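First the structure, in the form of structure tokens, and then the observations on it.
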Number of protein chains: 2
Amino acid sequence: MSTRKISDSMVRRLSGYLRQLRFLAAEGRRVVSSQELADEAATTAAQVRKDLSQFGSFGQRGRGYPVVPLRDELVRILGLRRPWRACVVGAGRLGTALLGYEDFGKRGFEIVAAFDVDPELIGKEVEGIPVLSIEDLESEIRTRGIELAVLTVPHGPARRIADRLAEAGVRGILNFTPTRLRARPGVSIRGMDIAVELEGLSYRIVTGGEPGGNGA
Amino acid sequence: MSTRKISDSMVRRLSGYLRQLRFLAAEGRRVVSSQELADEAATTAAQVRKDLSQFGSFGQRGRGYPVVPLRDELVRILGLRRPWRACVVGAGRLGTALLGYEDFGKRGFEIVAAFDVDPELIGKEVEGIPVLSIEDLESEIRTRGIELAVLTVPHGPARRIADRLAEAGVRGILNFTPTRLRARPGVSIRGMDIAVELEGLSYRIVTGGEPGGNGA
DNA sequence: TTGTATTCGTGACTCATTTCACAAGGACCC
DNA sequence: GGGTCCTTGTGAAATGAGTCACGAATACAA
Ligand SMILES: NC(=O)c1ccc[n+]([C@@H]2O[C@H](COP(=O)([O-])OP(=O)(O)OC[C@H]3O[C@@H](n4cnc5c(N)ncnc54)[C@H](O)[C@@H]3O)[C@@H](O)[C@H]2O)c1
Ligand SMILES: NC(=O)c1ccc[n+]([C@@H]2O[C@H](COP(=O)([O-])OP(=O)(O)OC[C@H]3O[C@@H](n4cnc5c(N)ncnc54)[C@H](O)[C@@H]3O)[C@@H](O)[C@H]2O)c1
């Protein structure tokens with residue numbers, strides 16, 4: 001346990017271990033080896049051990065890692081002990097799909113509201129989640145204790161809304177728009193750009209690159 | 001120009017530069033400095049120059065990089081000279097949202113078909129794109145010359161369908177399911193897992209990590 | 001209890017990526 | 001045509017990530 005700085009790619013791997021551990025826990029498995037964890041997370045056994053050893057000694061030599069305690073430890077490390085309260089901004093095609101995504105809840109993220117400008121949508125419920133007016137963004141975020149936002153509005157208003165979210169005290173934004181958001185102190189931002197991923201595929205294919213598996 | 005091996009994170013940055021260059025080209029800008037490119041792609045000027053120098057000398061000292069030629073060069077490097085023919089497998093909530101995503105075309109990816117099991121959907125068109133039976137997956141992929149697939153089916157059938165896609169000759173899969181797909185020779189796979197990104201946000205927030213901007 | 005087979009934890013090493021610093025090359029003004 | 005800015009291109013240095021090998025600890029069988 002040497003408490004190095006935790007890199008982004010390592011956090012990504014921890015997520016992968018956690019996913020696998022949840023699955024194993026549901027199956028009733030008691031212990032799992034670094035090798036098995038590595039296979040599912042597309043890495044090596046040594047890497048798994050090194051990653052986990054950053055936080056303490058959870059394994060038992062000769063046996064492996066106890067599934068449930070290790071899962072709970074990762075939940076703690078990743079900050080998922082209690083669910084995060086989140087909203088979706090932009091209840092369009094993509095936003096609506098996300099509102100119906102049941103895995104959010106299972107993974108510790110609770111979507112408590114959506115926001116939109118469209119008067120047709122405001123006041124309705126989509127997948128059981130209320131669509132609120134974008135005008136009330138700041139007040140609703142405060143009263144409902146919303147900490148995270150998923151941004152699925154068009155390019156035009158994206159920057160402005162991100163600023164308003166930051167201003168209203170949101171701690172993190174998951175950005176699905178192709179707009180690059182300005183970093184704001186106190187607000188973490190992560191972008192999911194489909195085109196970037198597709199272009200990555202394209203590059204690998206034309207350069208004859210086999211290496212199939214990065215993410216899932 | 002030293003022709004090192006191109007890393008994954010570098011390809012990601014190249015995508016970022018390309019996005020910005022497309023935007024600047026549309027605005028009519030003639031030249032751009034490494035500094036400006038760096039600001040938008042959340043990196044440093046030196047990094048931009050080093051990245052680009054892998055492929056040749058495109059810049060003019062004292063002036064910067066000519067926007068349109070550099071854009072075209074990146075298009076070539078990333079393998080985007082002609083559009084890729086793609087399909088969406090699983091025309092559910094997420095799949096439907098993706099079928100309506102107009103930016104695909106602009107970025108060089110043409111969605112020519114969707115596949116599903118649901119008899120209600122098969123034969124219909126969604127957003128102008130025909131929904132075909134999953135039973136005809138192999139034959140349709142061959143006759144329509146489909147090269148890429150976006151996978152948006154439930155967890156259950158995901159692995160099996162990925163195998164069928166690989167068998168049918170698809171060159172790349174963009175996987176939105178939480179299922180980890182087995183790497184297959186000749187098929188590049190890239191996963192987009194929302195939960196992984198949200199967990200990354202969660203981690204950064206609880207550890208007090210400011211560093212706002214990775215992706216968009 | 002002893003021996004053998006496992007599997008973790010970890011320091012040393014290797015390899016990859018990023019940053020730094022600056023010379024080289026061109027633009028532009030006078 | 002000479003001087004002055006700028007900004008690129010690039011080796012060298014610094015930093016960081018991932019791999020290896022092996023000792024320590026444990027399980028289990030005989
Ligand atoms: N559709 C996809 O599959 C997809 C995939 C990846 C990324 N994206 C990105 O996600 C974003 C949304 O895409 P979409 O296809 O869902 O578009 P959409 O037009 O279907 O939905 C956008 C929604 O945002 C709302 N909106 C517009 N301005 C707003 C404002 N100022 N405040 C609040 N809400 C506002 C609209 O009323 C609409 O409901 C776009 O930036 C797009 O590039 C979409
Ligand atoms: N909804 C989201 O916002 C979201 C976000 C991220 C990831 N995902 C993932 O994307 C996948 C789809 O999610 P969804 O919400 O769109 O689910 P959905 O149930 O709305 O859609 C799934 C579609 O796949 C079709 N399907 C089922 N079995 C099939 C088969 N064997 N062959 C072809 N088609 C088949 C179904 O008929 C349905 O139309 C899931 O794996 C989910 O975890 C969804």
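Predicted model, so just to flag it, every value in this text is computed and none were measured. Reminder, nothing fancy here: chain letters follow the sequence lines and each chain counts from 1.
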Could you state the atom-to-atom distance from CG of B:L37 to P of D:dT7 in whole Å? 14 Å

Atom-to-atom span, CD of A:E36 to P of C:dT6 - whole angstrom: 16 Å

Mind calculating the distance between NZ (A:K50) and P (C:dC13) to the nearest angstrom? 13 Å

I want to check one thing: is the phosphate of D:dA25, taken as OP1 and OP2, less than 4.0 Å away from some side-chain N or O of A:Q60? no

Gap between atoms CZ and P, on B:R61 and D:dT7 respectively (whole Å): 14 Å

Would you kindly give the CG-to-P distance between B:L70 and D:dG9, to the nearest whole Å? 10 Å

Is the phosphate of D:dC6, meaning OP1 or OP2, less than 4.0 Å from a side-chain N or O of B:Y65? no

Please work out if A:T44 contacts a base, only the sugar-phosphate, or nothing of the nucleic acid, heavy-atom cut-off 4.0 Å. sugar-phosphate

For C:dC8, does either OP1 or OP2 sit under 4.0 Å from a side-chain N or O belonging to A:S34? yes

Take B:L52 and A:T43, find for each the nucleotide of DNA chain D with the closest heavy atom, and name the residue whose nucleotide sits nearer the 5' end. B:L52

Quick one: B:D51 CG to D:dT10 P, roughly how many Å, whole number? 13 Å

Between A:R13 and A:D8, does at least one N-O distance fall below 4.0 Å, as a salt bridge requires? no

Could you tell me whether the phosphate oxygens of D:dG18, OP1 or OP2, come under 4.0 Å of any side-chain nitrogen or oxygen in A:R13? yes

With respect to A:R22, which candidate in A:L74, A:V75, A:V67 satisfies the side-chain contact (heavy atoms from CB on, under 4.5 Å) definition? A:V75

Least distance between heavy atoms, A:I129 atom then A:L99 atom: CD1-O, 3.7 Å

Whole angstrom value for the distance that separates P of D:dG18 from CG of A:D8: 11 Å

Measure from the side-chain N and O atoms of B:T177 to the backbone N and O of B:T179, and report whether any donor-acceptor pair falls under 3.5 Å. yes

Give a yes/no answer on whether the side chain of B:S33 brings an N or O atom under 4.0 Å of OP1 or OP2 in D:dT7. no

Using a cut-off of strictly less than 4.0 Å, decide whether B:R63 has a side-chain nitrogen or oxygen near OP1 or OP2 of C:dC28. yes

With DNA chain C as reference, determine whether A:A46 or A:G62 sits nearer its 5' end, using the nearest nucleotide of each. A:G62

Just how far, in rounded Å, is P of C:dT10 from CZ of A:F55? 14 Å

Nearest listed nucleotide, side chain of A:S7, among D:dA17, D:dG23, C:dA23: D:dA17

B:Q47 side chain N/O closer than 4.0 Å to the phosphate oxygens (OP1, OP2) of C:dT17? no

Looking only at side-chain N and O atoms, does A:R49 come under 4.0 Å of OP1 or OP2 in C:dC8? yes

For the residue pair B:R19 and A:D193, what are the closest heavy atoms and their distance? NH1-OD2, 2.7 Å

